[in-house]
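Below you'll find the structure, written out as structure tokens, and then a few comments.
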2 protein chains.
Amino acid sequence: MDIAATDTPEQTTLHEQIVERLRAVLLDGELGYGAKIPEAELCLRFGVSRTPLREALKVLAAEGFVELRPNRGAIVAPVDPDDVAHLFEFKGAIEHRIGLLAAVRATAADQARLEECHALLRTHPEPSAYTALNQDFHRALAAATHNPVLVQTYDNLQKRVLRLRFVVNVNPVRVAQSFDEHEAIMVAFRARARLDLAERLEAHNRLTGEAVLRALAGSAVPG
Amino acid sequence: MDIAATDTPEQTTLHEQIVERLRAVLLDGELGYGAKIPEAELCLRFGVSRTPLREALKVLAAEGFVELRPNRGAIVAPVDPDDVAHLFEFKGAIEHRIGLLAAVRATAADQARLEECHALLRTHPEPSAYTALNQDFHRALAAATHNPVLVQTYDNLQKRVLRLRFVVNVNPVRVAQSFDEHEAIMVAFRARARLDLAERLEAHNRLTGEAVLRALAGSAVPG
DNA sequence: CGGATCATTTTTGCATGCAAAATCGAACCC
DNA sequence: GGGTTCGATTTTGCATGCAAAAATGATCCG
């Protein structure tokens with residue numbers, strides 16, 4: 001009985017698929033912040049009954065993407081500038097540690113992957129590509145810590161930040177500046193200069209956070 | 001109509017209660033690591049149907065307390081020493097940042113609360129009280145950062161560590177040593193010495209983690 | 001004409017029902 | 001006797017049903 005075929009059975013249940021699809025919908029900004037999430041409508045859309053959809057909503061609430069109001073349904077988590085500031089501040093702490101650890105632990109494969117991500121950002125300077133490539137770059141750095149617990153939390157924070165890109169409307173000036181910061185990050189990384197890498201990563205995060213908060217202050221939060 | 005009565009409506013739905021009760025069961029170590037979580041049995045016990053219980057399981061899985069195996073039910077998250085090491089390592093990063101932030105932001109009330117927690121640990125040196133009081137102490141420090149995002153993640157990590165106390169069986173020697181570390185932490189805190197506080201907190205976490213890992217290596221992981 | 005009140009509709013939360021998968025056990029074969 | 005295979009039982013996953021709560025909006029009163 002197929003000894004080798006034991007790999008990636010990874011049977012995925014319905015509610016699990018719904019979690020991913022719904023999270024994608026939320027990250028795509030299709031629903032405005034604070035918008036009501038109508039169970040019935042999404043059931044139609046996904047072609048499932050309410051049970052797995054509700055289970056998925058619970059998970060997404062635990063992840064911070066939706067807010068559950070007893071007897072009043074779920075809404076897309078609203079964007080509160082205070083919260084966003086705290087989000088970036090906390091992420092800064094993790095970025096810093098990613099620097100400390102990645103500088104020491106990154107393997108050749110990790111470095112190759114990171115160089116690849118960085119190169120893609122260089123060859124695709126257009127803001128439209130920025131979001132995805134930038135995320136890949138930072139995910140590659142996080143992966144180089146080889147700490148799954150850190151990676152998972154970092155990934156969640158990254159996604160919660162990603163959600164904001166529709167308020168802030170990626171700024172070309174900031175994108176260019178961000179690339180320069182990445183360059184410096186790569187220099188520190190290649191030299192395996194832990195403290196330098198850590199500080200540059202945290203500073204990069206702080207600058208991004210400040211840009212987001214400024215944009216947030218400018219635009220009345222929709223939703 | 002009762003203008004003042006708007007406070008703490010906080011209506012809590014059934015599945016939410018189940019999340020808390022079930023998490024308490026898991027933290028109380030009633031079920032062994034890796035043990036099967038029988039839906040039917042828990043439904044009887046909590047007096048609810050399977051729907052809210054299953055919703056609760058999804059949340060607890062997202063929080064890292066249970067593991068969901070498609071078509072095979074839920075189990076108490078097994079204890080993998082590697083994972084535990086990563087958990088402590090990551091928590092160390094947060095402890096460090098708690099030190100940096102709390103030293104600067106703690107209010108008089110925060111400090112009073114912290115002193116209170118510390119005093120309780122002094123007056124209750126018995127290992128049986130240690131776990132709860134120690135957790136309060138560190139929670140108070142986390143709260144002094146005034147960063148809810150950090151606090152929530154920290155709280156989750158703390159609880160995931162708490163789960164391990166049944167493998168490691170709180171060691172009196174370590175409890176005494178831990179108190180000394182707390183003393184040093186308090187000294188740094190009172191002086192608002194950020195770096196010192198941060199380093200002491202991280203070291204304290206590392207020492208605790210090492211003790212847990214040693215105990216873990218000694219006892220074959222039950223469950 | 002503005003605002004409150006109440007009936008109607010809609011939506012939410014939970015219980016139950018049913019089909020598919022997994023588990024268990026007994027019979028069976030080598 | 002050890003191991004396998006097949007059927008019965010249990011358990012899981014999802015759909016549906018039903019009661020309670022909220023949202024809607026029409027009516028009434030000032």
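Chain letters run A, B, ... following the sequence lines, proteins first, then strands; residues in each count from 1.
Using a 4.0 Å cut-off between charged nitrogen and carboxylate oxygen, B:R160 and B:E63 do not count as a salt-bridge pair.
Rounded to whole Å, the distance from CZ on A:R50 to P on D:dT16 is 12 Å. To the nearest angstrom, P of C:dT12 lies 10 Å from CG of A:L53. What separates CG of B:L57 from C1' of D:dG13 is a distance of 13 Å, to the nearest Å. Summarising the geometry, the separation between CD on A:E41 and P on C:dT11 is reported as 9 Å, rounded to the nearest angstrom. Here the P atom of nucleotide D:dC14 and the CZ atom of A:F46 are 14 Å apart, to the nearest Å. Straight-line distance from the CD1 atom of A:I75 to the P atom of D:dA23: 12 Å, rounded to whole Å. Atom CD in A:E55 sits about 8 Å away from atom C1' in D:dC14, given to the nearest Å. What separates CG of A:L44 from P of C:dT11 is a distance of 11 Å, to the nearest Å.
Contact between the side-chain N/O atoms of B:H15 and the OP1/OP2 oxygens of C:dC14 is found at a separation under 4.0 Å. At the phosphate of D:dT12, neither OP1 nor OP2 sits under 4.0 Å from any side-chain N or O atom of B:K58.
No hydrogens or angles considered: a donor-acceptor pair under 3.5 Å links the side chains of A:H182 and A:H204.
Of the inter-residue distances, the one linking A:L164 atom CG with A:Y33 atom OH reads 5.5 Å to the nearest 0.5 angstrom.
Side chain of B:S49, nearest nucleotide from C:dT16, C:dT11, D:dT16: C:dT16. Here the nucleotide nearest the side chain of B:E39, chosen from C:dA15, D:dT12, D:dC14, is D:dT12. Closest to the side chain of B:L14, out of C:dC14, C:dG13, D:dC14, is C:dC14. Out of D:dA15, C:dT12, C:dA15, the shortest distance to the side chain of A:R54 is found at C:dT12. Closest to the side chain of B:P52, from the set D:dT12, D:dT16, C:dC14, is C:dC14.
Taking for each of B:N71 and A:I37 the nucleotide of DNA chain C with the nearest heavy atom, the 5'-most of the two is the partner of A:I37.
Side chain of A:D110 to main chain of A:T107: a donor-acceptor pair is present (N/O by atom type, distance under 3.5 Å, no hydrogens or angles).
Between the side chain of A:T13 and the base of D:dT12, no donor-acceptor pair under 3.5 Å is found.
With B:F90 as reference, A:L150 is the one residue of A:L101, A:V151, A:T145, A:L150 to meet the side chain to side chain contact (heavy atoms under 4.5 Å, CB included) rule.
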